[in-house]
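To keep things clear, I will list the structure first and then write my remarks on it.
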Amino acid sequence: MDVRRIGVVGLGAMGAGIAQVAIEAGFEVVGREVSDELGAKAAGRIRHFLSRKVEKGQRTAAERDAAVGRLATATDLAELADCDLVIEAIVEELDAKQELFGELERLCRADAVLATNTSALSVTEIAAATSSPERVVGMHFFNPAPLMPLVEVVRAELSTDEAVEAALGVVERLGKVAVPCHDTPGFVVNRVLIPLLNDCVRVLDEARVTPESLDAAMTNGAGWPMGPCTLVDLVGIDVHVHASEALYEKLREPRMAPPPRLVAMRNAGLLGRKSGRGFYAY
Ligand code: CAA
C-alpha cells in the first residue's frame, strides 16, 4: 500500500514525536487530541524542535515551514477517515485502546492499516476488539521518538503480510530502523530493558548508592548513553511502573514486577521529567 496520509491518535510525548518524524519525512499527518488546547500544545512543541534544527543548520526555515504545513490537528476522530495508516499513542490501558480501535475500524477506510504504539500490552488483544484484526499491527517507537532510531514492527496473531509490510515500508521512509517481531510480552527491547531498569532501582537500596552514583556507574562502566535513573525519569515513572505491571502479569517473573520504591514515587506524583520531579528535579 502507498501510505501518504498518517493519523496519530494522542499527541503526548510519544504521539507528538511520531507526528514530528512523519511530517519531517514528507507524510501528511492528522494528529488527534481530546481538546484544541492539547492539540495546539503538541503542534507548538513540534515547531519548537524543528526550529531548533533550523537554528543548528540541520534544516532550512522553508523545510520547517513545509513540514509544519503537513500537520493538521483535530479533536474529532472522524477527521482521520481518509488516512492510510493510523498510529495510536493514547494512554496504556487495554479498555481505552480497544474502544478506540473499535471506533477507528468504523471510521477509517477498510484498507487502512491500524497500528498501536503500545509498549507492553498485547497487540493481539487490542486487535481482538475489532472485526478486522488482520489489519492491526504494532509500531512501537522509543522515547524520545525523534531521536531514537528503532521501531519494533509487531505482527499480531492475525496480522496480514500486507499490513506488516505497509508498516515496515513507513518505518523505512521515516529513516528509522525496523525490527520485525511477534507479539510477545514486551516484544524485544522492553522484555530486556524493563527488568534491567527494575534491577537498577533495586540496586539503589541494596548497594546504598545515590541515583547520581548509579547513573555515573552505568554511563561510565557500561557505556549507557544516559544513566538508569535519568532514563526512568525520561520515560515517566508511571509509564515504567505500568509497563512493569503489564509484563509481570503476563510472565510472572519477579524481576518484571515494579520495585516498591518506584510504585511509591508514582503514587506520590513523582513521575519524572514531565511532573518536574522524579529521581531528579527538573
Ligand atoms: N524531540 C525532538 N528533538 C528532541 C527531543 C524530542 N523529544 N528531545 C531532545 N531533542 C533534541 C534536543 O533539542 C537536542 O538539541 P538542542 O538541545 O541542541 O536543541 C537534540 O535533540 C539532542 O539532544 P541531546 O543533546 O539530549 O542528545 P544526546 O546526544 O544527549 O542524546 C538521547 C539523547 C538520544 C536521548 C540519548 O541520551 C539516549 O539514547 N538515551 C537513551 C534513551 C533510551 O534508552 N530510550 C528508550 C527508552 S525505553 C522506551 O522508550 C520504551 C518504552 O516503551 C517505555
Side-chain angles (χ1 to χ4, degrees), residues 8 10-25 31 41-59 64 67-68 71 87-92 97 115-123 138-154 174-177 179 181 183-198 200-201 215-216 218-220 222-247 256 258 262 266 271-274 278 280 282:
V8 179
L11 296 176
M14 291 309 296
I18 294 167
Q20 180 186 323
V21 292
I23 56 171
E24 285 187 273
K41 194 174 157 201
R45 184 180 147 90
I46 290 170
R47 192 179 174 84
H48 161 78
F49 282 124
L50 295 183
S51 294
R52 282 292 299 153
K53 288 191 172 185
V54 174
E55 285 159 22
K56 289 186 280 185
Q58 296 167 349
R59 289 259 182 285
R64 175 201 58 203
V68 170
L71 175 69
I87 304 175
E88 166 275 313
I90 65 165
V91 61
E92 281 281 272
K97 288 189 194 284
T116 172
N117 179 54
T118 186
S119 53
L121 300 175
S122 159
V123 182
M139 289 179 76
H140 182 215
F141 291 74
F142 289 77
N143 191 354
L147 303 187
M148 299 302 286
L150 180 66
V151 182
E152 292 170 330
V153 174
V154 184
L174 294 177
K176 299 224 172 254
V177 175
V179 169
C181 60
D183 182 28
T184 52
F187 316 131
V188 178
V189 171
N190 278 345
R191 171 70 179 78
V192 175
L193 190 59
I194 298 272
L196 189 53
L197 288 173
N198 286 339
C200 288
V201 174
D215 280 0
M218 296 308 288
T219 52
N220 293 292
W224 286 26
M226 58 170 55
C229 297
T230 308
L231 181 55
V232 176
D233 272 359
L234 171 72
V235 166
I237 309 272
D238 53 338
V239 172
H240 179 82
V241 166
H242 190 280
S244 298
E245 283 167 344
L247 288 195
M256 301 292 174
L262 279 187
R266 191 269 317 266
L271 306 183
R273 218 177 261 202
K274 66 183 161 195
Y280 299 102
Y282 297 90

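In listed order, ligands and their atoms are each counted from 1. When reading the values below, keep in mind they use all heavy atoms of this one structure, side chains included, and skip hydrogens, waters and symmetry mates.
Residues His140 and Thr118 have side chains not in contact (no heavy-atom distance under 4.5 Å, counting atoms from C-beta outward). You'll find the side chain of Met226 stays beyond 4.5 Å of the side chain of Met218, heavy atoms only. Within the 4.5 Å cutoff, the side chain of Met148 has no heavy atoms near those of the Asn143 side chain.
Of all the listed residues (Glu55, Glu92, Arg52), Arg52 holds the heavy atom that lies closest to atom 17 (O) of ligand 1. For atom 48 (S) of ligand 1, the candidate residues are Ile194, Leu193, Asn143, Leu197; the nearest heavy-atom contact is made by Leu193. Proximity annotation for atom 23 (O) of ligand 1: of Leu147, Val189, Thr219, Leu147 comes nearest, heavy atoms only.
Ranking protein heavy atoms by distance to atom 7 (N) of ligand 1, first place goes to Pro144 CB, 3.5 Å. The protein heavy atom nearest to atom 16 (P) of ligand 1 is Lys56 NZ, 3.3 Å. Atom 36 (C) of ligand 1 has as its closest protein heavy atom Pro225 CB, 4.1 Å. Annotation: atom 10 (N) of ligand 1 to nearest protein heavy atom, Phe49 CE2, 3.6 Å.
What you find for Val8 and Gly15 is that their closest heavy atoms are CG1-O, 3.6 Å.
Counting atoms of ligand 1 from 1 in the listed order, those under 4.0 Å from a heavy atom of Leu231 are 42 (C), 43 (C), 44 (O), 45 (N), 47 (C). Taking every non-hydrogen atom of Met226 and a distance limit under 4.0 Å, the qualifying atoms of ligand 1 come out as 35 (C), 37 (O), 40 (N), 41 (C). Residue contact check: Gln20 has heavy atoms under 4.0 Å from atoms 1 (N), 2 (C) of ligand 1. Here is the list of ligand 1 atoms found below 4.0 Å of a heavy atom in Val235: 47 (C), 48 (S), 54 (C). Of all atoms in ligand 1, listed by their number and element, those nearer than 4.0 Å to a heavy atom of Ser119 are 52 (C), 53 (O).
Under the 4.0 angstrom criterion, atom 30 (O) of ligand 1 counts as lacking any protein heavy-atom contact. Distances from atom 26 (O) of ligand 1 to the protein include no heavy-atom value under 4.0 Å. Proximity of atom 1 (N) of ligand 1 to the protein is indicated by at least one non-hydrogen atom lying closer than 4.0 angstrom. Put simply, atom 53 (O) of ligand 1 has protein non-hydrogen atoms near it, under 4.0 Å away.
Of the heavy atoms in Asn190, only side-chain atoms (C-beta onward) come closer than 4.0 Å to ligand 1. Under 4.0 Å from ligand 1, the heavy atoms of Arg45 that appear belong solely to its side chain. Both the backbone and the side chain of Phe142 come within 4.0 Å of ligand 1, judged by heavy-atom distances. Contacts of His140 with ligand 1, taken as heavy-atom pairs under 4.0 Å, involve the side chain alone.
Distance check, rounded to the nearest 0.5 Å: CG of Leu196 to CZ of Arg191 gives 11.5 Å.
Residue Lys176 places its NZ atom among more than 12 non-hydrogen atoms of other residues, nucleotides or ligands, all under 6.0 Å distant.
The side chain to side chain contact (heavy atoms under 4.5 Å, CB included) test with Ile46 singles out one residue from Leu11, Val21, Leu71, and that residue is Leu71. Of the residues listed (Val153, Val154, Val151, Leu150), the one engaging Val179 in a side chain to side chain contact (heavy atoms under 4.5 Å, CB included) is Leu150, and it is the only one.
Proximity of a side-chain donor or acceptor of Glu92 to a complementary backbone N or O of His242 within less than 3.5 Å is not detected. Looking at Asn117, its side chain never comes within 3.5 Å of a backbone N or O of Met14 through a donor-acceptor pair. The backbone N or O of Val189 sits less than 3.5 Å from a side-chain atom of Glu152, completing a donor-acceptor pair.
Between Tyr282 and Tyr280, the ring-plane angle classifies as perpendicular under the 30° and 60° cut-offs.
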